[in-house]
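Below, each value reflects all heavy atoms present in this structure, side chains not excepted, and no hydrogens, waters or symmetry copies. Counting convention: from 1, in listed order, for ligands and their atoms alike.
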Amino acid sequence: MFRLEQKLALITGGGSGIGFAIAQKMVEAGGQVVITGRREEPLKEAVAQLGSQAHYVVNDVTDLANLENLVETIETQWGTIDILVNNAGINMKKPALEVSDEEFHRIIHTNLNAVFALTRTCGKRMVARKSGSILMISSMAAYYGIDRVPAYSASKHGVEGLVKSLTMDFSPHQVRVNAIAPGFIETAMMQTAMNSDPSRMNKALDRTPMGTWGKPEDIGLAAVFLSSDAAKYITGVSLPVDGGNSIGF
Ligand code: NAI
């Protein structure tokens, strides 16, 4: 029940960080994965590491008009998409009063508009087939207030809202929708946010009862579980994978 044999997963932004670790753990669990990203070279290298169960398609999720084409290409070439992982995301740390409309829009477009558009595209097919699992990657920024990330926070709250709303629409058709809310996970994104800001780094670690940063594989393992038949009655949840950070004092 915990394995992913006979299942195909589409993982956006799967060439690096958390997305790559999700791909890795899904492959180890016996699944096939298709990873996407904007640049071919990192995707090629990632697939070379992941082995023959992995494939890639160059795709920018913000190109909403091309998402139907992406899904059609994948399903024609490798079979039906059983699992969608909306992992691709961007962040920007800037005092709220200095964030321009363009900057706000750019984050929302990648982290929320594209997530909805791709979920709708895959969701249509999953609902018709009466089977599927959709995973969002949320954030602690959707659980409590973090300064200087207004657009990112708004986008991740939006993703949490989508989980609740889409669960109502899709569950009658046996399509599950869940989120993982990673705590502070050692990736390029986290390093960019933390390296220049030791006080933020200490604050994050201080309120993490386990006292260490998470590893991308921690998110990968949770993603395997939530996408597997072992989680067949789990829908509409947001699972923190955070070493206790979300309830830390
Ligand atoms: P990362 O920067 O290593 O990975 C993000 C991936 O998304 C990259 O592969 C990037 O190429 C891809 N991407 C960005 N824009 C894209 C676009 N328009 N089209 C296609 N691909 C695009 O960052 P990380 O940390 O692995 O983040 C992955 C997800 O996890 C994001 O949604 C992020 O918000 C979330 N997250 C990360 C946390 C952390 O501590 N690292 C904490 C909470 C959430």
Using a strict 4.0 Å cut-off to heavy atoms of Ala88, name the atoms of ligand 1 that fall inside it.
7 (O), 13 (N), 21 (N), 22 (C)
Atom 14 (C) of ligand 1: closest protein heavy atom, distance to 0.1 Å, is Arg38 NH2, 3.2 Å
Indicate yes or no: does Asp147 engage Arg200 in a salt bridge with an N to O separation below 4.0 Å.
yes
Suppose we screen for salt bridge (Lys or Arg N to Asp or Glu O under 4.0 Å). Which residues come up paired with Lys215, at least two apart in sequence or across chains?
Glu186
Distance filter under 4.0 Å to Asp60 heavy atoms, resulting ligand 1 atoms:
17 (C), 18 (N), 19 (N)
Taking Arg106 first and then Glu103, would you say they form a salt bridge - that is, a charged N and a carboxylate O separated by under 4.0 Å?
no
Evaluate the criterion side-chain hydrogen bond (donor to acceptor under 3.5 Å, both in side chains) for residue pair Asn111 and Ser155; output intermediate values, then yes/no.
CA-CA 6 Å; Asn111 293 8; Ser155 72; 3.3 Å; yes
Atom 40 (O) of ligand 1 sits nearest the protein heavy atom Ile185 N, 2.9 Å
Sub-4.0 Å atoms of ligand 1 with respect to non-hydrogen atoms of Pro182:
42 (C), 43 (C), 44 (C)
Between Glu75 and Lys124, is there a side-chain N and carboxylate O pair less than 4.0 Å apart?
no
Determine whether any heavy atom of Arg39 lies closer than 4.0 Å to an atom of ligand 1.
no
What protein heavy atom lies closest to atom 42 (C) of ligand 1? Include the residue and the distance to one decimal.
Gly183 O, 3.2 Å
Contact between Asp242 and Thr208 at the side-chain level, heavy atoms closer than 4.5 Å - yes or no?
no
of all protein heavy atoms, closest to atom 5 (C) of ligand 1 is Gly89 O, 3.8 Å
Using the side chain to side chain contact (heavy atoms under 4.5 Å, CB included) rule, pick out the option among Asp60, Asp63, Thr62, Val61 that qualifies with Arg38.
Asp60
Give the residue, atom name and distance (to 0.1 Å) of the protein heavy atom nearest atom 34 (O) of ligand 1.
Tyr152 OH, 2.6 Å
closest protein heavy atom to atom 41 (N) of ligand 1 is Thr187 OG1, 3.0 Å
Ligand 1 to Thr110 polar contact by distance, N or O atoms, under 3.5 Å
no
In ligand 1, which numbered atoms sit nearer than 4.0 Å to a non-hydrogen atom of Asn59?
19 (N), 20 (C)
Against ligand 1, does Ala181 come closer than 4.0 Å with any heavy atom?
no
Taking atom 23 (O) of ligand 1 as the reference point, the nearest protein heavy atom with its distance:
Met189 CB, 3.4 Å
Starting from atom 9 (O) of ligand 1, find the nearest protein heavy-atom neighbour and note its residue, name and distance.
Ser16 OG, 2.8 Å
Is it true that Arg125 and Glu72 have a side-chain N and a carboxylate O under 4.0 angstrom from each other?
yes
Check: Thr12 side chain, Asn87 main-chain N or O, donor-acceptor pair, under 3.5 Å:
yes
Do Lys7 and Asp229 meet the salt-bridge criterion of a basic N to acidic O distance under 4.0 Å?
yes
Please say whether Asn87 places an N or O atom under 3.5 Å from an N or O atom belonging to ligand 1.
yes
Does even one non-hydrogen atom of Gly14 get within less than 4.0 Å of ligand 1?
no
Looking only at N/O atoms, are Ser139 and ligand 1 under 3.5 Å apart anywhere?
no
Would you indicate which of Thr12, Ile18, Asn91 comes nearest to atom 38 (C) of ligand 1 when only heavy atoms are counted?
Ile18
Note: ligand 1 atoms sitting under 4.0 Å from heavy atoms of Ser138 are 43 (C), 44 (C)
Run the numbers for me: atoms of ligand 1, each under 4.0 Å from some heavy atom of Thr62, listed by number.
18 (N)
Contact check, side chains of Val149 and Ile107, non-hydrogen atoms, under 4.5 Å:
no
Under 3.5 Å, side chain of Asn178 to main-chain N/O of Leu135, donor-acceptor pair present?
no
Say you draw a straight line from CD of Gln32 to CD1 of Ile83; how long is it, rounded to the nearest 0.5 Å?
11.0 Å
Give the atoms of ligand 1, by number and element, whose distance to some non-hydrogen atom of Ile137 is under 4.0 Å.
29 (C), 30 (O), 35 (C)
